[in-house]
Novice: 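Please read through the structure below; I'll follow up with questions.
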Amino acid sequence: MMKLKALESHLQQVDSFKKPKILLEQYPTSPHIAACMLYTIQSTFNDIEGKLVADLGCGCGVLSIGTAMLNAGLCVGFDIDNDALDIFRSNAEEFEISNVDLVQCDLCSLEEGAYANTFDTVIMNPPFGTKHNQGIDMKFLSIASTMAKTVYSLHKTSTREHIQKKANDLGMKMEVIAELRYDLPASYKFHKKKTVDIQVDFIRFSKA
């Protein structure tokens, strides 16, 4: 298996959003967090290698590309934004990665059960659901829970109890694997500080 440091240094070369869209909450997953997440998913739980993986709200593809590098059977990235998927495509070409696929769609308006039990594993860094997107993180979790038995996701630590309730409703066991500091770059005009630190839980959800 690829070493953590090697994975992170590869992911540092993945191009990100040129002009992030505020309404879509396009915060890129940093190479460091992406590498740590994926390395743990594979080394501790063996949920990537040879598996069919979905990356919901994949953006420019850092999680999908990392998943592909850890020898997923196939990783399918879903995103609403064509511009992000164009960057994802060129990233995949640059790394000469063939075990990724892209689906352009609005996850929140997929027909119910559209990809029911299609995947082994879902990985995602969903929108946190601020301002215009209230509850979107929960929608992503609901959809993910229909697609696979095992879901890995990042959520604000401050919402942990709320997420636990949701997991119970979805019949999923929830395990906080790590608490991370998520460094939001000041990519938006309304951020006064250079960077904003948010406490984030890295969570594994699983169905029996």
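None of these values were measured; they are calculated from a predicted model.
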Novice: Give me the atom names and distance for the closest heavy-atom approach of I33 to R181.
Specialist: CD1-O, 3.8 Å

Novice: Report the residue from L63, L107, L141, D137 that forms a side chain to side chain contact (heavy atoms under 4.5 Å, CB included) with M124.
Specialist: L141

Novice: Just jot down the side-chain contact (heavy atoms from CB on, under 4.5 Å) partners of S142, sequence neighbours excluded, or say none.
Specialist: K166, L170

Novice: Taking only residues at least two apart or on different chains, which pairs with a member in residues 107-117 satisfy side chain to side chain donor-acceptor pair (under 3.5 Å)?
Specialist: D106-S109

Novice: Could you tell me the separation between the NZ atom of K3 and the OG atom of S9, rounded to the nearest 0.5 Å?
Specialist: 12.5 Å

Novice: Where do S145 and M172 come nearest, in terms of heavy atoms and distance?
Specialist: CB-SD, 3.4 Å

Novice: Is there a side-chain contact between M174 and N168 (heavy atoms, below 4.5 Å)?
Specialist: no

Novice: Within the 4.5 Å heavy-atom criterion, are I65 and I97 side-chain neighbours or not?
Specialist: yes

Novice: Rounded to the nearest 0.5 Å, what separation is found between the CG atom of L85 and the CD1 atom of I80?
Specialist: 10.5 Å

Novice: Looking only at non-hydrogen atoms, find the nearest pair between C60 and N91 and report the distance.
Specialist: O-ND2, 3.0 Å

Novice: More than 12 foreign heavy atoms under 6.0 Å from CD of E94: is that the case here?
Specialist: no

Novice: Decide yes or no for T121 and I48: does some side-chain heavy atom of the first lie under 4.5 Å from some side-chain heavy atom of the second?
Specialist: no

Novice: Judged by atom type as modelled, is there a donor-acceptor pair below 3.5 Å linking the side chain of N99 to the main-chain atoms of A72?
Specialist: yes

Novice: Do side-chain atoms of E96 reach the backbone of A92 as a donor and acceptor pair under 3.5 angstrom?
Specialist: no

Novice: Would you check, one step at a time, whether the test side chain to side chain contact (heavy atoms under 4.5 Å, CB included) holds for H155 with F140?
Specialist: CA-CA 11 Å; H155 296 275; F140 268 60; over 6 Å; no

Novice: Considering residues at least two apart in sequence or located in another chain, which fulfil the side-chain contact (heavy atoms from CB on, under 4.5 Å) criterion with D201?
Specialist: T157, R160, V176, E179, I203

Novice: Can you find a pair of side-chain heavy atoms, one from C36 and one from H32, that are under 4.5 Å apart?
Specialist: yes

Novice: Nearest 0.5 Å, please: how far is CG in L74 from CG in L52?
Specialist: 5.5 Å

Novice: Under the side-chain contact (heavy atoms from CB on, under 4.5 Å) test, which residues partner S43, sequence neighbours left out?
Specialist: M1, Y39

Novice: With sequence neighbours excluded, give me every side chain to side chain donor-acceptor pair (under 3.5 Å) pair touching residues 47-58.
Specialist: D47-Y152, D47-R204, D55-S64

Novice: May I ask you to test the F78-M147 pair for a side-chain heavy-atom distance under 4.5 Å?
Specialist: yes

Novice: Are T150 and D120 close enough that some pair of their side-chain heavy atoms sits under 4.5 Å apart?
Specialist: no

Novice: Which atom pair, heavy atoms only, marks the closest approach of F205 to S153?
Specialist: CE1-CB, 4.1 Å

Novice: Stepwise, does the side chain to side chain contact (heavy atoms under 4.5 Å, CB included) test hold for I136 with C108?
Specialist: CA-CA 8 Å; I136 193 166; C108 297; 4.0 Å; yes

Novice: With no hydrogens and no angle check, is any side-chain donor or acceptor of E8 less than 3.5 Å from a backbone partner on A35?
Specialist: no

Novice: Go through the structure and list residues passing salt bridge (charged side-chain N to carboxylate O under 4.0 Å, His left out) with R89, not counting sequence neighbours.
Specialist: D86

Novice: Closest heavy-atom contact between F95 and H10?
Specialist: CZ-O, 3.3 Å

Novice: Is it the case that the side chain of T159 and the backbone of H162 share a donor-acceptor pair, with hydrogens and angles ignored and the cut-off at 3.5 Å?
Specialist: no

Novice: Can a donor-acceptor pair be found, under 3.5 Å and without considering hydrogens, that links the side chain of T146 to the backbone of I143?
Specialist: yes

Novice: For a side chain to side chain contact (heavy atoms under 4.5 Å, CB included) check, start with the C-alpha distance between C105 and L110, then their side-chain angles and the critical distance, and finish with the verdict.
Specialist: CA-CA 8 Å; C105 71; L110 273 185; 4.2 Å; yes

Novice: After noting the C-alpha distance and the side-chain angles of I123 and V53, does the key distance pass the side chain to side chain contact (heavy atoms under 4.5 Å, CB included) rule?
Specialist: CA-CA 7 Å; I123 52 172; V53 181; 3.9 Å; yes

Novice: Got N125 and M37 here, is their nearest side-chain heavy-atom distance under 4.5 Å?
Specialist: no

Novice: Could you measure the distance from the CD atom of Q199 to the CG atom of L180? Nearest 0.5 Å is fine.
Specialist: 8.5 Å

Novice: Please say whether more than 12 non-hydrogen atoms of neighbouring residues, nucleotides or ligands are located less than 6.0 Å from NZ in K207.
Specialist: yes

Novice: First locate atom CG of N46, then atom CG of L70, and finally report the distance between them rounded to the nearest 0.5 Å.
Specialist: 11.0 Å

Novice: Is there a side-chain contact between V14 and L11 in this structure, where contact means two heavy atoms from C-beta onward sitting under 4.5 Å apart?
Specialist: yes

Novice: Taking all heavy atoms of D79 and all of C58, pick out the closest pair and write down the distance.
Specialist: OD2-N, 3.3 Å

